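Let me begin by presenting the structure, written as C-alpha cells, before commenting on it.
Proteins get letters first, then strands, A, B, ... in listed order; numbering begins at 1 in each. What you see is a predicted model; the values in this text were computed from it and never measured.
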Amino acid sequence: MVNLLSEGGKQLLLGNEAITRGLIEAGVGFASTYPGTPSSEIGNILEKISSDAGIYFEFSTNEKVAVEVSAAAASSGVRSFVFMKHVGLNVAADPMMTLAYAGVRGGMLIMSADDPSAHSSQNEQDNRYYSVLALMPMIEPSTPAEGRSMVAEAYRVSEELEMPLLFRTTTRMNHARGIVEFGPISERKTVGHFDRDVKRFVNIPAYARLNRKVILEKYAKAAELSEESPLNFVEGEGDVGVIASGVSYAYVKEFVSGVSILKLGFTNPLPEKKIADFVRTKKAVIVAEELEPFVEDQVLRICAQNGISVPVYGKRTGHMPRAWEYSPDTLKGIAGIVKVKDFPQPMSVPKMDLPSRPPTLCAGCPHRGMFAAAKRAAGKEDVIYCSDIGCYTLGVQPPFQAADFIICMGGGAGAAGGFDRSTDQRAVAFMGDSTFFHAGVPPLINALFNSHRIVMVILDNRTTAMTGHQPNPGTGREFGGVSTKPIDIESMVKGIGVEFVRTVNPYDVKAATQTFRDALAFEGVAVIISKCPCPLELKKRKQLAPAVCAVDQSKCNGCGTCLKTIACPALFKKGGKITPDPVQCIGCGMCASVCPRGAIEVRK
Amino acid sequence: MKYTVQIVGVGGQGVLLASMVLGNAAMQMGYDVAMSEVHGMAQRGGSVLSTVRFGEGVTSPLEAAGSADMILGFEPVETCRSLPLGNRDTVVLMNLDPVLPSMVAAGFEEYPPVGSVVSAVRSEAPNLRTIDATDIAIKAGKAVAANAVMIGAMSAVEGFPIPKDVLLRVLMEQVPEKFRDLNSKAFEMGYQAASQ
C-alpha cells in the first residue's frame with residue numbers, strides 16, 4: 001500500500017502520487033486546486049493526508065481562485081502549489097499573467113496537467129506556450145521519479161528568481177507509474193507574513209511599466225539558470241542528436257540507439273548555448289516533443305542566430321506528428337534517420353462485429369432522469385441542448401442526445417443566452433453543481449440582466465463526480481481540520497432574482513417532465529434544480545439504502561419504453577422481456593416511473 | 001530481460017488491482033518498472049487498458065503495438081479488440097466470461113457467441129489460453145475474485161519471469177485483510193486451472 005508520508009524507502013507510485021511526495025519533501029505549506037483529469041489524484045490524496053503532512057489544502061471554487069489563494073500564500077513567504085488540468089489554466093490565466101509581474105517571495109509552482117490525445121478533455125492545447133506568454137520559467141518532468149525530484153529543484157529556482165514557475169506535466173506522466181526513491185522531508189513553513197510593497201504588488205499602469213522591465217530582467221536571469229540547470233543534460237554518444245522533453249524522452253531513451261540525447265527538463269527559457277553547442281557537433285538533430293513544435297521552433301531559431309546549418313528533423317519536416325500523444329510507435333517516423341528498435345508485426349483484430357463499449361452514465365445516475373424528462377417535455381419542439389463539462393457530457397449519447405453544444409466549464413449557460421437571442425430555437429442548458437459554482441453564476445446573471453429566455457438545469461448530485469467525487473461549495477467541506485456548511489443553490493438562484501426556480505427529484509421522471517413543461521413555457525429565465533446524490537458517492541460512503549427494481553413479467557409486454565428513455569445499464573432485455581440486473585440496480589425507480597404498464601416496482 | 005503485460009478489461013473488473021500486484025511484484029524482484037493506466041472517462045463502464053513493463057532499463061510507460069509479451073484479457077470482446085497490442089508469439093490469457101456493454105444489454109447491439117470469439121482470437125493468436133476465471137472465482141467464494149484467478153493463471157504461464165510465490169505474497173499485501181483467504185484461494189485455483 002502506498003504511504004506518501006513514510007520516512008524513506010522506495011515505492012511504486014503514480015506520477016501524481018510522486019508529485020505529492022515531492023511537495024511533502026519540499027516543505028510546501030499551502031496547496032489549492034480545482035479538480036481536473038489528469039491532475040485530480042493529487043487533490044484526492046491531499047484531502048486525506050494534508051492534516052498529517054501539515055499542509056493547508058483547499059478545493060477552490062475554480063482555477064482562477066485557486067491561483068489567487070496560492071499567490072497570496074507565496075507572496076507571504078509560504079511555499080505554495082496550485083494544480084489543475086490544462087484547460088483550467090485558461091480560467092486561471094488572468095491572475096497568472098500579472099502575478100508573474102509581481103513575482104512571489106516563497107516558492108510557487110503552477111502545475112498544468114496537459115492531456116495529449118484528449119483522453120478526458122475537450123481539446124489538446126499545449127500549455128507550454130503559457131510559459132512564454134507569461135515570461136514564466138517552466139519545468140517538465142518525464143517520469144514519476146522526476147515528478148518527485150524536480151519539485152524541490154523547481155522551488156529552489158522559483159525562490160532564487162522570486163517568480164512563480166509553470167510545472168508542466170502530461171497524462172503519461174501523471175498517470176504513469178514508476179519506482180520512486182523517497183528523499184528527506186524538509187521543514188515546512190505554513191504561516192508567513194505579507195510585507196507591503198506597493199510598487200511590486202499593485203500593478204497600476206505606472207508600476208506595471210516598471211515591472212515589465214523587472215520581469216524581463218528575471219527572465220534573462222532564468223535563461224542563465226537554465227544553462228546551468230542539472231535538469232538539462234546530455235547523455236549517450238552518436239553523430240545524430242535527439243533533443244527530447246517530457247515523456248517523449250522515455251520513448252527515445254528506451255527505443256532509439258546510437259544517439260546522443262539532450263534531455264530538457266527546464267524548458268523555458270531554453271538553454272540556448274547548450275542547445276547551440278549540442279547541435280553544432282551533430283550531423284543531424286531530431287526534436288522529440290508532443291503536440292506543438294515548441295522546442296523545435298526555438299532550436300531552428302537558435303541555429304539561425306548562431307549560423308549553424310545542421311538539419312533539424314521533427315514536426316516541421318513531417319517526421320513527427322503534431323496531433324495526439326506519442327508512443328514508441330511514433331518513433332517509426334524517424335527510423336530512416338536513427339536506429340529505432342524493430343517492433344514485431346502486430347496481430348490484427350479478427351473480422352467480426354464487436355459491440356461498442358463507450359463510457360456511459362452509471363446505473364441509477366440521476367442525470368438519466370433529467371435527460372429523459374427534458375426530451376419528453378420538449379417533444380417535437382426544436383430545443384438546443386447546451387451542455388457542460390462533467391458526467392452529464394455523456395448525455396450526448398443515444399437515446400438522450402441531450403448535448404448539442406459544449407465548449408467549456410459554464411459555457412453551456414452562456415451559449416444558451418446567445419442561442420436565444422440569435423435563433424428562433426429554444427435553449428436549455430445543463431450543468432452540474434460544481435460547475436455552477438465554478439463558472440455558472442455569471443452566465444445566469446447575464447441571462448437575467450439581458451433578458452434571455454433560457455431554461456437552466458442544475459444537476460446537483462452533491463459532489464464533483466466525474467473527477468473522483470471531490471467536495472464543492474454545495475456540499476461544504478469536512479477535511480484538513482476545516483469544517484464548513486453547504487451553500488444552498490436554490491437560495492442563491494432566488495437571491496439573484498430568478499422568478500422561476502423549482503427543485504425536483506430526478507427519479508420521479510413524471511413530475512420532472514411536468515416541471516420541464518412549465519419551464520419551457522415560462523417567458524424568462526427558468527431554473528430547474530435536480531437534487532439527488534450521485535449513487536457512486538453513496539456507495540463509497542456506504543450510505544446507499546438497499547433496494548432493487550422488480551418487473552412483474554405478467555404485465556411487461558417488452559415495449560422497451562424504459563430502455564429507450566432511461567437506458568439504464570442495469571436493464572437487460574432477454575427474450576422480449578425486461579429484467580433488471582440485481583447487481584447493478586440500485587432501486588432508484590426511474591424505469592418504474594416511465595413504464596406505461598406499471599410493470600416495475602421498487603423493492604426495498 | 002524486458003517484459004510487457006497488457007491488461008485489458010472493463011471498469012470494475014479489477015484491472016488496476018492486477019496491474020498493481022504485477023508492478024509491485026516486479027519491483028520486489030529488483031526490476032525497473034514502468035506502467036501506464038487509463039483514468040477518468042474510461043472508468044464509466046468503458047474499456048480499461050493497463051500497461052505493465054518491467055526488466056532492466058525499462059523507462060517507457062507505453063509499449064509499441066505488437067510488442068506485448070502477454071495480453072491478460074479480463075473480458076472476451078476486449079481481448080479480441082486488443083490483439084494488435086501483441087504478435088503471434090504473444091501469450092494471450094483470456095477470461096471467458098463476458099461483461100455485456102449497455103447497448104447489448106438493452107438489446108440494441110449483439111454480443112457474439114463466446115465460442116466464436118475464442119475461435120476468432122485463436123486464428124490470430126496461436127498462444128491463446130482460455131480460463132473460466134469468473135466461474136472459478138465463484139467456486140472460490142465470490143465473483144469479484146476473478147482478478148486473483150487471472151493473476152494466479154498468469155503465474156502458471158511457462159517462462160513468466162515472476163515466480164508464483166512472489167505474486168501471491170504481493171497480492172496478499174494489496175488486498176484488505178478480510179479478503180485474503182478468498183483471494184489466496186482464487187489465486188491458487190487460477191494457477192491450477194492454467195497449469196492443466
Task: Contact check, side chains of B:Val52 and A:Arg177, non-hydrogen atoms, under 4.5 Å - done: no
Task: Contact class of A:Thr579 relative to chain B, heavy atoms under 4.5 angstrom - done: neither
Task: Close side-chain approach of A:Ser348 and B:Glu124, heavy atoms under 4.5 Å - done: yes
TODO: Could you tell me which portion of B:Val104 (side chain, backbone, both or neither) has an atom closer than 4.5 angstrom to a non-hydrogen atom of chain A?
DONE: side chain
Open item on the list: For A:Leu12, which atoms come within 4.5 Å of any heavy atom of chain B: side chain, backbone, both, or neither?
Closed with: both
- [ ] Give, as side chain, backbone, both or neither, the part of A:Gln584 having an atom under 4.5 angstrom from any heavy atom of chain B.
- [x] neither
Open item on the list: Tell me whether A:Asn3 at atom CG has more than 12 heavy atoms from other residues, nucleotides or ligands lying less than 6.0 Å away.
Closed with: yes
TODO: Please examine the side chains of B:Glu110 and A:Asp353, heavy atoms only from C-beta on, and report whether any two atoms are closer than 4.5 Å.
DONE: no
Open item on the list: Within the structure provided, determine whether B:Ser67 and A:Pro344 are in side-chain contact (heavy-atom separation under 4.5 Å).
Closed with: yes
TODO: Could you please state which residues from residues 125-146 of chain B sit under 4.5 angstrom from chain A, measuring non-hydrogen atom to non-hydrogen atom, sorted by number, or 'none'?
DONE: B:Ala125
Task: Contact class of B:Asp89 relative to chain A, heavy atoms under 4.5 angstrom - done: neither
TODO: Hey, could you give me each pair passing side-chain hydrogen bond (donor to acceptor under 3.5 Å, both in side chains) that has a residue in residues 145-155 of chain B? Not counting sequence neighbours.
DONE: none
Task: Pair A:Arg357 + B:Glu109, salt bridge at N-O below 4.0 Å - done: no
Task: Part of A:Val252 lying under 4.5 Å from any heavy atom of chain B - done: neither
- [ ] Could you tell me whether the side chain of B:Val92 reaches within less than 4.5 Å of the side chain of A:Met347, counting heavy atoms only?
- [x] yes
TODO: Find the distance between CG (A:Leu14) and CE (B:Met20) and round it off to the nearest 0.5 Å.
DONE: 8.5 Å
Open item on the list: Taking side chain as everything from C-beta outward and backbone as N, CA, C, O, which of these in B:Gln174 sits under 4.5 Å from a heavy atom of chain A? Side chain, backbone, both or neither.
Closed with: both
TODO: Determine yes or no for a side-chain-to-main-chain donor-acceptor pair under 3.5 angstrom, with B:Asn87 supplying the side chain and A:Pro346 the backbone.
DONE: no
- [ ] Check whether B:Thr90 gets within reach of chain A through its side chain, its backbone, both or neither, counting any heavy atom under 4.5 Å.
- [x] side chain
- [ ] Could you tell me whether B:Glu37 and A:Arg172 make a salt bridge, using a distance below 4.0 angstrom between a side-chain N and a carboxylate O?
- [x] no
Task: 4.5 Å side-chain heavy-atom contact, B:Pro112 and A:Pro355 - done: yes
- [ ] State, to 0.1 Å, how close A:Tyr251 and B:Pro61 come at their nearest heavy-atom pair, and which atoms those are.
- [x] CE2-CD, 4.0 Å
Task: Per-residue contact mode, B:Val10 against chain A (heavy atom under 4.5 angstrom) - done: side chain
- [ ] Looking only at non-hydrogen atoms, find the nearest pair between B:Ala120 and A:Met352 and report the distance.
- [x] CB-SD, 3.5 Å
Task: Validation row: B:Tyr31, A:Ile179 side chains within 4.5 angstrom (heavy atoms) - done: no
Task: Region of B:Glu75 that comes under 4.5 Å of a non-hydrogen atom in chain A - done: side chain
TODO: Output yes when a side-chain donor or acceptor of A:Glu254 lies under 3.5 Å from a complementary backbone atom of B:Ser60, and no otherwise.
DONE: yes
- [ ] Specify the closest pair of heavy atoms between B:Cys80 and A:Val349, including all atoms of both residues, with the distance to one decimal.
- [x] O-CG1, 3.9 Å
TODO: Could you look at A:Asn174 and say if it's the side chain, the backbone, both or neither that has a heavy atom under 4.5 Å from chain B?
DONE: neither
Task: Residue part contacting chain A, namely of B:Leu100, when any heavy atom lies under 4.5 Å - done: both
TODO: Could you look at A:Tyr326 and say if it's the side chain, the backbone, both or neither that has a heavy atom under 4.5 Å from chain B?
DONE: backbone
Task: Interchain contact, B:Val170 with chain A, by part (heavy-atom threshold 4.5 Å) - done: neither
Open item on the list: If you compare all heavy atoms of B:Ala65 against all heavy atoms of A:Asp329, which two are closest, and at what distance to 0.1 Å?
Closed with: N-OD2, 2.9 Å
